[in-house]
Amino acid sequence: MRLSVSLLISSLWILSAYATSGEQKLCTLTASGGDDAPQFLKAVKACATVTIPTSTTLTIATRLNTTGLHDKHLDLKGTIRFVPDFPYWTGNAFTFPFQNTSTYWILGGKNLLLDGGGTIDGAGQGWWDQIPLNATIQRPVTMTLYQAKNVVVKNIRMINSPNWFNFVNEGQNVLFDNITINAASTSTEGAKNTDGWDTYRSDNVVISNSIINNGDDCVSFKPNSTNILVSNLKCTGSQSLGQYAGQFDIVENVTAIDIVMTNAGNGARMKAWAGAGVGSGRVSNILFSNFLVNNVDSPITIDQCYSTNATACAANPSNTYFDNIWFTNITGTASGATVAALKCSPDGRCGRVNVNDLHLLPGAGFNATYICQNIALTGNSASLFPAECQGVV
Ligand SMILES: *[C@@H]1O[C@H](CO)[C@@H](O)[C@H](O)[C@H]1NC(C)=O
Ligand SMILES: *[C@@H]1O[C@H](CO)[C@@H](O)[C@H](O)[C@H]1NC(C)=O
Ligand SMILES: *[C@@H]1O[C@H](CO)[C@@H](O)[C@H](O)[C@H]1NC(C)=O
Ligand SMILES: *[C@@H]1O[C@H](CO)[C@@H](O)[C@H](O)[C@H]1NC(C)=O
Ligand SMILES: *[C@@H]1O[C@H](CO)[C@@H](O)[C@H](O)[C@H]1NC(C)=O
Ligand SMILES: *[C@@H]1O[C@H](CO)[C@@H](O)[C@H](O)[C@H]1NC(C)=O
Ligand SMILES: *[C@@H]1O[C@H](CO)[C@@H](O)[C@H](O)[C@H]1NC(C)=O
Ligand SMILES: *[C@@H]1O[C@H](CO)[C@@H](O)[C@H](O)[C@H]1NC(C)=O
Ligand SMILES: *[C@@H]1O[C@H](CO)[C@@H](O)[C@H](O)[C@H]1NC(C)=O
């Protein structure tokens with residue numbers, strides 16, 4: 001697997017293109033005492049560099065549409081904090097048909113840099129606490145890169161998103177680097193659906209050198225995610241890192257390398273629905289490498305009958321085909337007996353799955369269990385799995 005080089009080169013190109021973009025108008029914002037969205041929007045439109053100083057917290061009470069920008073630097077040293085005004089956002093947040101997503105902020109355009117060491121605060125606590133009162137309340141994604149091309153987001157802290165932290169929707173050449181994500185509930189109501197990143201209809205995305213403490217997916221590759229590199233992440237409390245098929249879906253050329261997953265549900269995971277009337281697609285050229293797992297329920301997982309019982313999966317196997325999948329150098333301990341569960345739909349829906357250098361221990365007091373179904377594994381760790389799953393497709 002060899003896709004990372006062009007991604008990194010294009011990331012560097014973004015930074016240098018920004019640096020040479022000529023004379024700039026610089027603007028610095030201070031808090032107005034009321035809703036700072038109008039002044040923020042005005043500054044972003046008028047100024048090449050918008051600085052939010054260290055001591056400043058901008059209060060955002062109305063939605064932010066910063067799309068269609070060109071050559072902008074958002075220098076966030078201070079804080080952007082969204083106001084958890086439920087009636088306002090449930091009626092006015094930007095919405096996308098995909099998984100009924102809504103969002104506080106859409107950021108898009110060309111040649112953008114968001115950095116500065118500051119914080120984006122999604123004010124999620126109030127939202128999570130609403131869930132028992134209204135289970136269907138539409139909680140916004142904090143930041144959506146929408147139609148963003150050549151964009152770098154780095155050296156930013158993000159806290160308490162009501163829903164996913166970052167949604168990369170129709171992005172191209174996007175780099176996230178050195179992002180610290182933290183979703184921590186202080187009430188009995190846990191943080192919900194706080195994925196670190198979801199990529200969708202996006203190409204050439206790098207997510208690197210970041211720390212994620214959340215309760216849902218660390219990174220999730222949604223339909224039409226191609227040429228994605230995820231490297232050097234520490235994911236704690238996450239549900240999984242992996243791919244998640246939906247409609248007609250292509251997920252191709254994804255590398256996730258140097259990942260530490262602690263107290264998580266799944267480590268490296270791929271899942272797809274089966275049953276009547278679900279989507280179709282292909283997931284190919286996927287490498288999960290150098291994972292260190294600690295207390296993870298299922299360190300490596302393929303579930304191609306996701307949320308589908310065995311009868312329904314046999315009658316209608318998944319139409320999302322998996323091919324050329326690598327699990328390489330995965331080390332650490334599970335929480336229970338299951339160290340690997342690679343379960344494909346019947347009828348040849350998984351081709352070329354390679355397992356190499358798996359060094360996985362079960363939780364204390366358990367015997368390691370390797371589970372497999374409808375799959376023919378190759379690689380130096382295939383022999384750990386039941387005999388019927390060893391072989392060449
Ligand atoms: C956001 O602003 C752009 C540019 O002003 C406009 O074209 C677009 O329709 C707006 N998007 C939404 C969802 O309101
Ligand atoms: C989206 O919302 C509609 C209407 O509320 C609902 O019928 C549908 O099941 C939702 N879809 C998803 C994927 O949640
Ligand atoms: C629950 O949330 C939904 C979606 O945001 C909203 O339409 C509905 O009015 C809310 N229900 C109540 C009882 O507040
Ligand atoms: C990473 O970002 C933080 C701010 O969130 C900053 O303090 C730190 O210096 C950055 N690290 C690097 C290596 O740039
Ligand atoms: C994904 O890309 C394929 C091929 O271009 C297209 O047919 C399909 O509609 C796309 N799916 C989504 C969800 O965008
Ligand atoms: C995936 O990578 C292969 C090999 O580098 C390349 O030929 C193919 O075009 C890539 N796929 C996509 C969707 O970019
Ligand atoms: C295997 O992964 C570990 C991290 O879990 C890393 O330290 C080690 O260098 C990797 N080994 C190889 C041969 O890449
Ligand atoms: C399996 O799922 C199908 C479709 O959802 C449902 O009709 C059927 O009753 C389920 N069977 C069992 C044994 O749960
Ligand atoms: C583990 O396997 C050994 C040997 O087969 C068996 O004696 C023991 O009961 C098993 N332990 C558990 C917790 O299943």
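Note that ligands are numbered from 1 as they come in the structure, with each ligand's atoms numbered from 1 the same way. Residue numbers run from 1 in the order of the sequence given.
- In this structure, atom 14 (O) of ligand 4 is in close contact with the protein, since a protein heavy atom lies within 4.0 Å of it.
- Distance check for atom 7 (O) of ligand 3: every protein heavy atom is found at 4.0 Å or beyond.
- Contact annotation: the side chain of T49 never approaches that of K25 to less than 4.5 Å [non-hydrogen atoms, C-beta and beyond].
- A cation-pi arrangement is present between K271 and Y306, with the terminal nitrogen or guanidinium carbon under 6.0 Å from the aromatic centre and inside a 45° cone about the axis.
- Checked against the 6.0 Å centroid threshold, Y104 and W89 count as a close aromatic pair.
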May I have the step-by-step check of side-chain hydrogen bond (donor to acceptor under 3.5 Å, both in side chains) for T136 and N134, ending in yes or no?
CA-CA 6 Å; T136 62; N134 184 352; 3.1 Å; yes

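- The atoms of ligand 9 that sit less than 4.0 Å from any heavy atom of G365 are 13 (C).
- Residue N134 has at least one nitrogen or oxygen atom sitting less than 3.5 Å from a nitrogen or oxygen atom of ligand 3, judged on distance alone.
- Nearest protein neighbour of atom 11 (N) of ligand 4, counting heavy atoms only, is N178 ND2, 2.9 Å.
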Assess the residue pair K343 and D303 against the criterion (salt bridge (Lys or Arg N to Asp or Glu O under 4.0 Å)); give the C-alpha distance rounded to whole Å, side-chain angles, the decisive distance to 0.1 Å, and a yes or no.
CA-CA 5 Å; K343 299 199 282 186; D303 185 358; 5.9 Å; no

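- Nearest to atom 10 (C) of ligand 9 among the protein's heavy atoms is N367 ND2, 2.4 Å.
- Applying the 4.0 Å criterion to heavy atoms of T90 picks out, from ligand 3, the atoms 5 (O).
- With contacts defined as side-chain heavy-atom distances shorter than 4.5 Å, the pair T328/L287 qualifies.
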Please test D258 against S231 for side-chain hydrogen bond (donor to acceptor under 3.5 Å, both in side chains), starting from the C-alpha separation and ending with a verdict.
CA-CA 6 Å; D258 298 329; S231 81; 5.9 Å; no

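- At a distance under 4.0 Å, a protein heavy atom can be found next to atom 2 (O) of ligand 9.
- Any N or O atom pair closer than 3.5 Å counts here, and R157 shares no such pair with ligand 4.
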Steps toward side-chain contact (heavy atoms from CB on, under 4.5 Å) verdict (V278, S318):
CA-CA 8 Å; V278 299; S318 179; 5.8 Å; no

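- The protein non-hydrogen atom at the shortest distance from atom 5 (O) of ligand 3 is Q138 N, 3.0 Å.
- Atom 4 (C) of ligand 4 has as its closest protein heavy atom G117 CA, 3.7 Å.
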